Engineer: 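Below you'll find the structure I mean.
Everything quoted here is computed from the prediction, not taken from an experiment.
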Amino acid sequence: MTEPRPRHLLLAASAFAVLMTAACGGTTIDDAQEEENSGPTGTADPDAEIPEGLKIDFLPKQLNNPYSDIVNAGGATAVEELAGEFTERGGTEPTADAQVEYINAASQAGSDVIVIAANDPDAVCPSLDQARENGAAIVGYDSNASCTDIFVNQSSTELIGQTLVEMISEDLGGEGTFAVLSATPNATNQNAWIAAMEEVLKEEEHAGLELVETVYGNDDDLESFQEMQGLMQSYPDLDGVVAPTTVGIAAAARYVSDSEYKGEVAVTGLGTPNQMREFVKDETVNQFALWNPEELGYLAGYTGAALRAGQITGAEGETFTAGDLGEFTVQADQEVVLGPPTVFDADNIDDFDF
């Protein structure tokens, strides 16, 4: 599965427009992980049936985030197919403190699976550990915590870092200065991708590129817009910006499209086709990348159910079937990978609707 594809999983365009503005089935979960996440325990039974009625809670970084809305819509589809009970929980601020409240609420409600995009890798763990003691399987998605049973990764960190550098290099002709407009300072996925970018930048072929600064818009549209504005004030000769966050890239593109920097400052990063289409059409953005976010949520839902049922424990080499997406294999470090990112540009952006 190398690229997203239109399918029954994808949201209808009208639904996306709106987005933009319990039975225990396994024997391995209750004693799944020690406090320091030392690794999976128990024995997987790939033939175990996933029981109906599983309570599966999705906790995004924050509610009312267009990207999270799409991801969790995929999770809702998976849970519906599994005849489970889907609940989305969260606050409007992307903080660990806000998530702790909803982790506790999910645990108290008897959640069988908690699927979380962590705002901090460690601060949410005491509550997640307590939820696990209460019987919940803990699945990370999008942004992992250090105490999950398994992590559903949208792509490999190395592939994303490589793709981000390659795009800005192509946009700048292999030479120039650029900044990174990220989400929150503690977001594990963002930080991992930036670290991967820094490693790629050390390669001789990218010697002409210079990363001058990383700033944080906290996945808030206004803050991200203001950070982009601040970057141009601090670096008036800046050649480009990479925003590895769907909120950030849209805000950066909006700022550049209405400024004197249009055509002079390259904007790229991670975004959805529907939010970035206008900026590609008006030539503010040449290219950007992403995986299929709804498929990420869909895969996370099936992964959580497979884990809770005992089909998998998180050990490397275990396999399970994720509905229409087919079979997946657990990789090293208790990770399931959706696939490599797809690069969108003027030639293919109209082929996608999400």
Engineer: For residues Phe86 and Phe58, establish whether the separation of their ring centroids is below 6.0 Å.
Structural biologist: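 Here the rings of Phe58 and Phe86 have centres that are less than 6.0 Å from each other.
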
Engineer: Any side-chain donor-acceptor pair under 3.5 Å between Asn153 and Tyr141?
Structural biologist: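 Short answer, no.
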
Engineer: What's the verdict on side-chain hydrogen bond (donor to acceptor under 3.5 Å, both in side chains) for Asn134 and Ser107, showing C-alpha distance, side-chain angles and the deciding distance?
Structural biologist: CA-CA 7 Å; Asn134 289 344; Ser107 179; 2.6 Å; yes

Engineer: For the pair Lys281 and Glu278, evaluate salt bridge (charged side-chain N to carboxylate O under 4.0 Å, His left out) and give the outcome as yes or no after the intermediate values.
Structural biologist: CA-CA 5 Å; Lys281 298 287 189 180; Glu278 64 176 293; over 6 Å; no

Engineer: Show your working on salt bridge (charged side-chain N to carboxylate O under 4.0 Å, His left out) between Asp112 and Lys55 and close with a plain yes or no.
Structural biologist: CA-CA 5 Å; Asp112 294 296; Lys55 295 180 179 180; over 6 Å; no

Engineer: Tell me the closest heavy-atom pair linking Trp193 and Leu270, and the distance in Å.
Structural biologist: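 For Trp193 versus Leu270, the nearest heavy atoms are CZ3-CD1, 3.5 Å.
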
Engineer: For Thr148 and Asn144, test the side chains for any donor-to-acceptor distance below 3.5 angstrom and give the result as yes or no.
Structural biologist: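 Yes, a side-chain donor-acceptor pair sits under 3.5 Å.
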
Engineer: To check you understand the geometry: which heavy-atom pair defines the closest contact between Pro340 and Leu159, and what is its length?
Structural biologist: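 It is CB-CD1, 3.9 Å.
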
Engineer: Spell out, as yes or no, whether a donor-acceptor pair under 3.5 Å connects the side chain of Asn72 to the backbone of Gly75.
Structural biologist: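 No, the answer is negative, given that no donor and acceptor are paired below the 3.5 Å cut-off.
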
Engineer: Distance alone, cut at 3.5 Å: any donor-acceptor contact between the side chains of Tyr298 and Glu81?
Structural biologist: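 Side-chain D/A pair, Tyr298 to Glu81: present.
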
Engineer: Could you tell me whether the side chains of Thr184 and Asn186 share a donor-acceptor contact shorter than 3.5 Å?
Structural biologist: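 No, Asn186 and Thr184 have no side-chain donor paired with an acceptor closer than 3.5 Å.
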
Engineer: We want to know whether Tyr216 and Glu227 form a side-chain donor-acceptor pair, criterion being a heavy-atom distance below 3.5 angstrom.
Structural biologist: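 Side chains of Tyr216 and Glu227: no pair found under 3.5 Å.
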
Engineer: Would one find more than 12 heavy atoms of other residues, nucleotides or ligands at under 6.0 Å from atom CD of Gln229?
Structural biologist: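 Yes, the 6.0 Å shell around CD holds more than 12 heavy atoms from other groups.
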
Engineer: Treat each ILVMFWY residue as a node, draw an edge where side-chain heavy atoms are under 4.5 Å apart, and state whether Val256 and Leu238 are in one component.
Structural biologist: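 As far as the 4.5 Å side-chain criterion goes, Leu238 and Val256 are connected within one cluster.
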
Engineer: So, for Val124 and Ala118, which heavy atoms are closest and what is the spacing to 0.1 Å?
Structural biologist: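 Heavy atoms only, the tightest pair is CG2-CB, 4.2 Å.
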
Engineer: Please say whether more than 12 non-hydrogen atoms of neighbouring residues, nucleotides or ligands are located less than 6.0 Å from CG in Asp333.
Structural biologist: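 No, not enclosed.
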
Engineer: Do Phe352 and Phe344 have ring centres separated by under 6.0 Å?
Structural biologist: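 Aromatic pair counts; centres sit under 6.0 Å.
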
Engineer: So for atom CD, which belongs to Glu175, do other residues, nucleotides or ligands contribute more than 12 heavy atoms lying within a distance under 6.0 Å?
Structural biologist: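 12 or below, so no.
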
Engineer: Where do Asn64 and Thr92 land on the side-chain hydrogen bond (donor to acceptor under 3.5 Å, both in side chains) test, with the steps shown first?
Structural biologist: CA-CA 7 Å; Asn64 302 323; Thr92 57; over 6 Å; no

Engineer: Testing the basics here: between Val280 and Ile349, what is the closest heavy-atom pair and its distance to 0.1 Å?
Structural biologist: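 Taking every non-hydrogen atom into account, CG2-CD1, 3.9 Å.
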
Engineer: Give a yes or no answer on whether the side chain of Thr268 reaches the backbone of Gln287 with a donor-acceptor pair at less than 3.5 Å.
Structural biologist: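 Between the backbone of Gln287 and the side chain of Thr268 there is a qualifying donor-acceptor contact (under 3.5 Å).
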
Engineer: If you take all heavy atoms of Lys61 and Asn119, which pair is closest and at what distance?
Structural biologist: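 That would be O-ND2, 2.9 Å.
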
Engineer: After noting the C-alpha distance and the side-chain angles of Arg308 and Asp149, does the key distance pass the salt bridge (charged side-chain N to carboxylate O under 4.0 Å, His left out) rule?
Structural biologist: CA-CA 10 Å; Arg308 191 66 181 84; Asp149 297 316; over 6 Å; no

Engineer: Can you confirm whether the side chains of Thr214 and Ser182 place a donor and an acceptor under 3.5 Å from each other?
Structural biologist: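 No.
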
Engineer: If the test is side chain to side chain contact (heavy atoms under 4.5 Å, CB included), which one of Asp47, Thr319, Ile50 qualifies with Gln311?
Structural biologist: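 Option passing the side chain to side chain contact (heavy atoms under 4.5 Å, CB included) with Gln311: Ile50.
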
Engineer: Answer yes or no: is there a donor N or O on one side and an acceptor on the other, between the side chain of Ser259 and the main chain of Tyr261, under 3.5 Å?
Structural biologist: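 Pair found, side chain donor or acceptor close to backbone of Tyr261.
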
Engineer: Determine whether the side chains of Asp219 and Gln62 contain a donor N or O and an acceptor N or O closer than 3.5 Å.
Structural biologist: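 Not at all, the side chains of Asp219 and Gln62 share no donor-acceptor pair under 3.5 Å.
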
Engineer: Using only heavy-atom distances, determine whether the side chains of Thr313 and Glu318 contain a donor-acceptor pair under 3.5 Å.
Structural biologist: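 Side chains of Thr313 and Glu318: pair found under 3.5 Å.
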
Engineer: Under 3.5 Å, is there a donor-acceptor pair linking the side chains of Glu166 and Gln162?
Structural biologist: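 A donor-acceptor contact under 3.5 Å links the two side chains.
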
